[in-house]
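First the structure, in the form of structure tokens, and then the observations on it.
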Amino acid sequence: MAAIKLRALGLREVDFGDYDRYLTALTDAGRRVEVLCKNVRRGKRQIPAARQLCYAELIVSERAGRYALREAALVHSFFPLAQDIERYALACYLVELTAALTTPDEDAPAVCRLLLHALHALEGKKRDPVLVKAAFEWRLMAESGYAPDLTACGVCGEAIEQPPLYFSVGAGTAADARCAQRIGGYEPLAEGTLRALAHVLSCPVPRTYAFALGGAAREQFSRLGEQYVLYHLGRGFDSLAFYRSLVPPVGDARPCITSIRSVP
């Protein structure tokens, strides 16, 4: 079997037998692959790069769509996140969500870059993890075909010229005040929330997390992002439940700001 070189981030690992492991990984191309890693836990032959949260260069053999590991060279380990249980729990949620929205059959290169930038943001501790989580959720859903439609009223189809803009998680659409009040199920978006959404959904991937947001807009942006994921995927995530046991949803006590601030 010919050797294939892949750069990939470990999303999930499952040990079996005495020395072996199955590694679910996301390639640079955004394709989810399953790799059989024989003897990676055996004495001097251990391969620490074949792990969850390790970005590595993998040399694999392929047969009928199945991959077997030959070698792995570490490019970057996100293991330092384990020193902060809250950030580590959040990282586990991000990789579990990514695994749920990627496939072995389709490339999604923006998704891999989006996840790597999110993990670097958490590791560097220069970004608000609440905003990293929400920005990742919104942008990942958009890259996976679940983008919310904020371009016009989802009820009457007309452009929304006067604020406030209302949004429905279930419909995934915006509405003007008159239609929102008539239909129900929509809530008004704070100006800061709307600007944050516009930034996250349209900016280059490396800039996804380069903004700051406070007050009730931060709470709304975060709350709606999580609700949007859970509603449209129709499932929960064990890692999210664990994260929520450590970090309850942010409150709505502070006054709302009206704009986001871009940060370097």
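Worth saying up front: this structure is predicted, and the values here are computed from it rather than measured.
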Return yes if some donor-acceptor pair links the side-chain N/O of [X] with the main-chain N/O of [Y] below 3.5 Å, else return no.
{"X": "Arg32", "Y": "Thr102", "answer": "yes"}
{"X": "Arg41", "Y": "Phe16", "answer": "yes"}
{"X": "Glu96", "Y": "Ser239", "answer": "yes"}
{"X": "Tyr209", "Y": "Leu114", "answer": "yes"}
{"X": "Glu13", "Y": "Gln52", "answer": "yes"}

Heavy atoms, side chains only, cut-off 4.5 Å: are [X] and [Y] in contact?
{"X": "Tyr243", "Y": "Lys133", "value": "yes"}
{"X": "Phe79", "Y": "Cys54", "value": "yes"}
{"X": "Thr208", "Y": "Cys203", "value": "yes"}
{"X": "Tyr93", "Y": "Glu137", "value": "yes"}
{"X": "Val229", "Y": "Tyr146", "value": "no"}
{"X": "Glu219", "Y": "Val130", "value": "no"}
{"X": "Leu11", "Y": "Leu115", "value": "yes"}
{"X": "Leu230", "Y": "Leu240", "value": "yes"}

Looking only at side-chain N and O atoms, does Asp176 offer a donor or acceptor that is under 3.5 Å from a partner on Tyr186? no
Please tell me whether Arg70 and Ser61 have a donor and an acceptor in their side chains that are separated by less than 3.5 angstrom.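 Distance-only check passes for Arg70 and Ser61.
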Would a single hydrophobic cluster contain both [Y] and [X], if residues Ile, Leu, Val, Met, Phe, Trp and Tyr are joined by side-chain heavy-atom contacts under 4.5 Å?
{"X": "Tyr22", "Y": "Leu69", "result": "no"}
{"X": "Ile59", "Y": "Val33", "result": "no"}
{"X": "Ile85", "Y": "Val132", "result": "yes"}

Would you check, one step at a time, whether the test salt bridge (Lys or Arg N to Asp or Glu O under 4.0 Å) holds for Arg223 with Glu187? CA-CA 12 Å; Arg223 171 175 53 82; Glu187 71 170 274; 3.0 Å; yes
Once rounded to the nearest 0.5 Å, what's the spacing between atom OH of Tyr166 and atom CD1 of Ile160?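 So the OH of Tyr166 and the CD1 of Ile160 are separated by 10.5 Å.
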At what distance, to the nearest 0.5 angstrom, does SG of Cys156 lie from CZ of Arg182?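 Here the rounded value is 8.0 Å.
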Is the count of non-hydrogen atoms from other residues, nucleotides or ligands lying under 6.0 Å from Phe78 atom CZ greater than 12? yes
For a side-chain contact (heavy atoms from CB on, under 4.5 Å) with Arg7, tell me which candidate from Leu26, Thr27, Asp28 qualifies. Asp28
